[in-house]
Every structure is written in structure tokens, then in C-alpha cells.
Amino acid sequence: VSCSPFLYMETYAVSLKEYAVHQAIIVSAFAGTSIYVGKFIEKFGNRAIMRAGLICSTAGALALLAIGFIPSLQSAYLVTAMMSLLCLGCAFGYTVIFSDSLEIYPDLKGTASSVIMAMRALACAGVVGLISYVYQGRLLDVTLVIAFLMALILCFAYIFYRGTASIPAE
């Protein structure tokens, strides 16, 4: 978010209007998935949706990383496609985690929701700050941070699935 206008407009030489279209596609991937993920959860269950989200996000992150290392492959369209895949996976996982986390303290759903949103905002601010700090005008700068964060997410998911806590199979 913090460096995407610079990446698209300076590195890939897209106009402001074209950049807006690319961003709309990425946001639509997240928003559109979020709208329908409840239906997928009903059909496949939380665990399957979490796995699908992890797979999509990891595939998007790895593809972005590969593209970052191979400048000849880089284009605004390919970056948008892979970011959309990453966001699609994030929407799967976010929906499950947010709804399940509200059930930790069922009597405090409003408070829990506020705390979760505050934690999400702080995490986003931290990531924006980190990417802004390391960004040097190259896609690789951004993809290394994304890959690192995806590795952390996979570690947490592994610990969660292997630990005593687990998402009900439904």
C-alpha cells in the first residue's frame, strides 16, 4: 500500500488512472472473496477454507518473490494478478480468524471486535512502515517483506494446527 503507487507509476510507468484500475482489481479480489467466503465455509468448513487461504496466499507470495528476482518477467499486470491471488487467500483466512476470535469471549463481542481491529491496524501500520523503510524502487524489496511475513504466518499456522488448539473440522 505504501509504495505501490511508486512501484506502478515509476517502475512500470503506468498512469494514475491505470494504477487506480490495478488497485481496484486487487481490492476487489479481497472484497469479492470476503463477500462469498461464508458460503464456502458452510460447504467446506473452516479448516478447508483456512488451508485454501494459506495455499492461495503462499502461491501469490512465492510467485511475487520469483517475479521480483527475474526483472524480465516484471509487469504491472503480472504483479496485479499475483497480488490479487495473495489477497484472495488473505480474505479466506481473515474471515475465519475474525469470526472465530469473536467467540473467545462470547459476552464481550463488541470489545473483542474493537481489540482485533486495533491489533490489525497496528500490524498494518508496522508492515507499511517496514516496507516504506526497505523500498528502493524495486519489486524485490516489497516481495522479500511479503515472503518473510508469509513465512511467519505459515509458522503460526503450523504451530496452531499442531498444538492443542485447532479449528473445528465441521
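Just so it is clear, the structure is predicted and the values come from calculations on it, not from any experiment.
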Contacts of type side-chain contact (heavy atoms from CB on, under 4.5 Å), residue Leu139, not counting sequence neighbours: Leu7, Tyr12, Ile67, Gln74, Val79, Thr143

Indicate the atoms forming the closest heavy-atom contact of Tyr36 with Gly32, along with that distance. CD1-O, 3.2 Å

Can you measure from OG (Ser15) to OH (Tyr8) and round to the nearest 0.5 angstrom? 13.0 Å

What's in the same ILVMFWY side-chain cluster as Leu62, cut-off under 4.5 Å, chained through other members? none

For Leu86 and Ser57, which heavy atoms make the closest approach, and how far apart are they? CD1-O, 3.2 Å

Could you tell me whether the side chain of Ile153 reaches within less than 4.5 Å of the side chain of Met150, counting heavy atoms only? yes

Side-chain donor/acceptor of Thr11 to backbone N/O of Gly137, under 3.5 Å: yes

How close do Leu85 and Cys56 get, heavy atom to heavy atom, and via which atoms? CG-O, 3.5 Å

Only counting residues at least two apart or in another chain, list the ones meeting ring-ring contact (aromatic ring centres under 6.0 Å, His included) with Phe148. none

Could you measure the distance from the CG atom of Leu65 to the CD1 atom of Ile146? Nearest 0.5 Å is fine. 9.5 Å

Is there a side-chain contact between Leu144 and Val134 (heavy atoms, below 4.5 Å)? no

Would you compute the distance between atom OG of Ser4 and atom NE2 of His22 and round it to the nearest 0.5 angstrom? 11.0 Å

Are any of the side-chain heavy atoms of Met50 and Ile97 separated by less than 4.5 Å? yes

Any idea which heavy atoms bring Phe6 and Tyr135 closest together, and the distance? C-OH, 3.7 Å

Geometric class of the Tyr94/Phe30 ring pair [parallel <30°, tilted 30-60°, perpendicular >60°]: tilted

Pairwise distance CD1(Ile55) to CG(Leu88) - rounded to 0.5 angstrom: 12.0 Å

Remaining members of Tyr77's ILVMFWY cluster at a side-chain heavy-atom cut-off under 4.5 Å? none

May I ask whether Leu152 and Met119 are part of the same hydrophobic cluster, defined by side-chain heavy atoms of I, L, V, M, F, W, Y residues being less than 4.5 angstrom apart, directly or through others? no

Nearest 0.5 Å, please: how far is CD1 in Ile49 from NZ in Lys43? 10.5 Å

Co-membership, hydrophobic cluster, residues Val21 and Tyr19, 4.5 Å side-chain: no

Taking all non-hydrogen atoms of both residues into account, name the closest pair between Met82 and Ala63 and its distance. SD-CB, 3.3 Å

Smallest heavy-atom separation, Cys87 atom then Ile26 atom, equals SG-CG2, 3.6 Å

Do the non-hydrogen side-chain atoms of Arg47 and Arg51 ever get within less than 4.5 Å of each other? yes

Among all residues two or more places apart in sequence or in another chain, which pass the side-chain contact (heavy atoms from CB on, under 4.5 Å) test with Val27? none

Heavy-atom donor-acceptor pair, Asp141 side chain to Gln136 backbone, under 3.5 Å: yes

Tell me, do Phe40 and Thr33 make a side-chain contact under 4.5 Å, heavy atoms counted? no

Pairing residues for Arg120 by the salt bridge (charged side-chain N to carboxylate O under 4.0 Å, His left out) criterion, not counting sequence neighbours: none

Check the hydrophobic clustering (I, L, V, M, F, W, Y; side-chain heavy atoms under 4.5 Å; chains of links allowed) and say if Leu122 and Leu130 are grouped together. no

